[in-house]
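Step one of this worksheet: look at the structure below.
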Amino acid sequence: MLDIKFLRQNIDGVRAKMADRGQSLHFDLFLELEAKRRDILMAVETLRGERNEASKTIGELKKKKQDASQLMEKMADVSARIKEYDESLRTVEEELQAFVLTVPNIQHHSVVVGGGSEDNPVVRTWGEKPVFNFEAKQHFELGESLNILDFARGAKITGARFTVYRGAGAALERALFNFMLDLHTEAHGYTEVLTPFMVNRESMTGTGQLPKFAEDLFKIEGMEYYLIPTAEVPVTNIYRDEILEEDQLPIYHVAYSPCFRSEAGSYGKDTRGLIRQHQFNKVEMVKFTIPETSYDELEKLTANAEEVLKRLGIAYRTVSLCTGDLGFSSAKTYDVEAWLPGQNTYREISSCSNFEDFQARRAAIRFRRKDTGKVEFVHTLNGSGLAVGRTVVAILENYQQADGSVIIPEVLRPYMRGRKRIPA
RNA sequence: GGAGAGAUGGCUGAGUGGCCGAAAGCGAUCGCCUGCUAAGCGAUUGUACGCCCUUUAAAGGUGUACCGCGGGUUCGAAUCCCGCUCUCUCCGCCA
């Protein structure tokens, strides 16, 4: 959410920025509502001031046993008017809020203007793509032939986009998120948290999933609880409605969680395999920083995500999302894309974003400056470190052998009781 | 699931209709004092949104709101009434 005052005072600049993001919003309506809101507010506050004054007088009169009935009658009338104003104020504020919640974040000046993913500039590439003297298979072929991924049973138990992992497959998934958690806690300084996997409406609104993206979420029947689409939601909301001390910042958290996404609107996309599931595991990194350091922290965060792939020995490239591809709440996002030989393409495996104060304002996460004592919004960042299911995909495809077996990357072997290979 | 108790500022905790944005204590900040430390003394100590002033800054002035959340009663609500949420205690059930 943008600051209403900022929006009011910089309306033309914001309009231009939104145009670059391919957004046209009813800013005129906003200005109208905002002016209306202030008019009503002034009127109602004046009346309230009057009433407070009169009530005091009434109290004094009564104490002196004097008649106050005339004034009381008058104030009954004033109270009725206040009530009317309150009602229209509430209406206007609701409309205003509804509008502001649909305005995306303003992109950082370094973000390239573009239409879609084809316009994302590549920031860097790392690693050697493996060369095979056979035709590389896709991960779902490998997974099925190795009897470690069972898509048919997943579909039977629940439905499409659900999978059963078996044996070495299940062990690999578990090894991966343990490895990732250990790496980020021990080498990168993150504090691990384990959160609820269902959250309430306020939390979803705080990070920006609601109200705009309700159709992407799974909601619990009969309650205002939602399954989390990412650990970003519960982890960011840990500090909702809190004022932190500057000394506490930056805060680094890393969390494992399953993620639940309805994938509405992606029918027919990535229907086979682990790429696009309704439920998948992810290790998520979340940072809370002071505003001055958030872009440095974004670089570090992205490097932390990349480090996972480096240690796993998987080639990747990092792109900076252009305006057309940038998420609603993000000011700047790097996507880390792992090389998938089976698909002969790079696929997103991590998305690292700086939300600046956009989420913090929605979620009221603030901090107190040490030198001035002033309260300000923190900056929030998050990034996958990494999407575990997609990492399994990358490992299967990159480490596949001519005989159909898959070598286990060395760093994972301690997490798999020394196992070196998933035999064909 | 049943019975009861509770929710007040950074924390502890008073307050049962007006003098309460809220006592007191703790903590914190600033200053004084002090050979150092401790102690002591004094001052300050929430957030949000308006308006005025101002260079659309800061500071300042002023108003309004906020005592779990939402309604109601009343000239006036932290205080009375209703609903909800959460916490605690006891009983039952349960991984």
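Chain identifiers are assigned alphabetically (A, B, ...) following the order of the sequence lines, protein sequences preceding nucleic acid strands; residue numbering begins at 1 within each chain.
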Practice task
Hunt down the Watson-Crick or G-U wobble partner of B:rC36, both distances under 3.5 Å, from any strand shown, or write none.
Solution key: none
Problem - Out of B:rG50, B:rG71, B:rG18, whichever nucleotide has its closest atom nearest the side chain of A:Ile58 - result: B:rG18
Exercise for the section: Hey, can you tell me if A:Phe151 and A:His139 have their rings parallel, tilted or perpendicular (30° and 60° cut-offs)? Expected result: perpendicular
Problem - Whole-angstrom distance between B:rC32 and B:rA39, as gauged at atom C1' - result: 14 Å
Practice task
For B:rU89 and B:rA24, measure between their C1' atoms and round to the nearest Å.
Solution key: 29 Å
Practice task
Could you tell me whether A:Phe260 and A:Phe218 have their ring centroids closer than 6.0 angstrom?
Solution key: no
Exercise for the section: Just name whichever nucleotide pairs with B:rA48, Watson-Crick or G-U, keeping both distances under 3.5 Å, else none. Expected result: B:rU64
Exercise for the section: Scan A:Leu41 against the nucleic acid and name what it touches under 4.0 Å (heavy atoms): base, sugar-phosphate only, or nothing. Expected result: sugar-phosphate
Problem - A:Lys83 side chain near B:rU73 phosphate (N/O to OP1/OP2, under 4.0 Å) - result: yes
Practice task
Examine B:rG63: is either OP1 or OP2 under 4.0 Å from a nitrogen or oxygen in the side chain of A:Asn52? Give yes or no.
Solution key: no
Problem - Separation of atom CZ in A:Arg368 from atom P in B:rG9, rounded to whole Å - result: 14 Å
Practice task
Calculate the interatomic distance between A:Phe6 atom CZ and B:rU56 atom P; express it in whole Å.
Solution key: 17 Å
Exercise for the section: Indicate whether OP1 or OP2 belonging to B:rG50 is found under 4.0 Å from a side-chain N or O atom of A:Arg8. Expected result: yes
Exercise for the section: Specify the separation, in whole Å, of atom CD of A:Glu242 and atom C1' of B:rG9. Expected result: 15 Å
Practice task
Using whole Å, report how far CD of A:Glu376 lies from P of B:rA48.
Solution key: 11 Å
Practice task
Starting from the 5' end of RNA chain B, give me the residue, A:Lys63 or A:Asp3, whose nearest nucleotide shows up first.
Solution key: A:Lys63
Exercise for the section: Please measure how far the C1' atom in B:rA28 lies from the corresponding atom in B:rC84, and state the result in whole Å. Expected result: 36 Å
Problem - B:rA23 - base-pair partner by Watson-Crick or wobble geometry, distances under 3.5 Å - result: none
Handout entry: Pairing nucleotide - B:rC75, Watson-Crick or G-U, each distance under 3.5 Å
Key = B:rG18
Practice task
Give a yes/no answer on whether the side chain of A:Arg366 brings an N or O atom under 4.0 Å of OP1 or OP2 in B:rA48.
Solution key: yes
Handout entry: Same-atom distance (P) from B:rA65 to B:rA59, integer angstrom
Key = 24 Å
Practice task
Write down the distance separating the C1' atoms in B:rU79 and B:rG18, rounded off to the nearest Å.
Solution key: 11 Å
Problem - Non-hydrogen side-chain atoms of A:Tyr225 and A:Arg201 separated by less than 4.5 Å - result: no
Handout entry: Sugar-phosphate only, base, or nothing, as touched by A:Lys74 at under 4.0 Å among non-hydrogen atoms
Key = nothing
Exercise for the section: Compute the ring centroids of A:Phe355 and A:His379, then answer whether they are less than 6.0 Å apart. Expected result: no
Fill in the blank from the handout: Rounded to whole Å, the CD1-C1' distance (A:Ile243 to B:rC66) equals 13 Å
Exercise for the section: Remember a base hit wins even if backbone is also touched, and classify A:Met75 as base, sugar-phosphate or nothing at under 4.0 Å, heavy atoms. Expected result: sugar-phosphate
Problem - Euclidean distance for P, B:rG13 against B:rU85 (whole angstrom) - result: 26 Å
Practice task
Please determine, for the side chain of A:Arg38, which listed nucleotide (B:rC75, B:rC49, B:rC51) has the closest atom?
Solution key: B:rC51
Problem - Ring centres under 6.0 angstrom apart (A:Phe367, A:Phe377) - result: no
Exercise for the section: Evaluate the criterion ring pair (Phe, Tyr, Trp, His ring centres under 6.0 Å) for residue pair A:His188 and A:Tyr252; output intermediate values, then yes/no. Expected result: CA-CA 9 Å; A:His188 299 152; A:Tyr252 290 8; 9.4 Å; no
Practice task
Send over the distance from A:Ile40 CD1 to B:rA65 P, rounded to a whole Å.
Solution key: 17 Å
Handout entry: d(CD, A:Glu245; P, B:rC11) in whole Å
Key = 12 Å
Problem - Proximal nucleotide (of B:rG18, B:rU64, B:rC51) relative to the A:Glu45 side chain - result: B:rU64
Problem - Straight-line distance of A:Tyr165 OH to A:Asp150 CG, nearest 0.5 Å - result: 12.5 Å
Practice task
Establish, from distance only, whether the side-chain atoms of A:Ser294 and A:Asn354 form a donor-acceptor pair under 3.5 Å.
Solution key: yes
Exercise for the section: Look at A:Arg48 and B:rU64 and indicate whether a side-chain polar atom (N or O) is within less than 4.0 Å of OP1 or OP2. Expected result: no
Handout entry: Phosphate-side-chain proximity, A:Thr57 and B:rC75, N/O vs OP1/OP2 below 4.0 Å
Key = no
Problem - P atoms of B:rC26 and B:rC20, separation to the nearest Å - result: 22 Å
Practice task
Take atom C1' in B:rA14 and the same atom in B:rA48, then report the distance between them in whole Å.
Solution key: 26 Å
Handout entry: Base paired to B:rU54 (Watson-Crick or G-U; both N/O distances under 3.5 angstrom)
Key = none
Exercise for the section: State whether A:Asn200 places a side-chain N or O below 4.0 Å from either non-bridging phosphate oxygen (OP1 or OP2) of B:rU85. Expected result: no
Fill in the blank from the handout: Answer for the Watson-Crick or wobble partner of B:rU87, both distances under 3.5 Å, is B:rA5
Practice task
Scan A:Lys374 against the nucleic acid and name what it touches under 4.0 Å (heavy atoms): base, sugar-phosphate only, or nothing.
Solution key: sugar-phosphate
Practice task
Please figure out whether A:Glu50 or A:Ala54 has its closest RNA chain B nucleotide nearer the 5' end.
Solution key: A:Glu50
Problem - Any-strand Watson-Crick or G-U partner of B:rA43, both distances under 3.5 Å - result: B:rU29
Exercise for the section: Check whether any side-chain N or O of A:Arg369 sits under 4.0 Å from OP1 or OP2 of B:rA58, and answer yes or no. Expected result: no
Practice task
Give one of base, sugar-phosphate or nothing for A:Val78, where a contact means two heavy atoms less than 4.0 Å apart.
Solution key: nothing
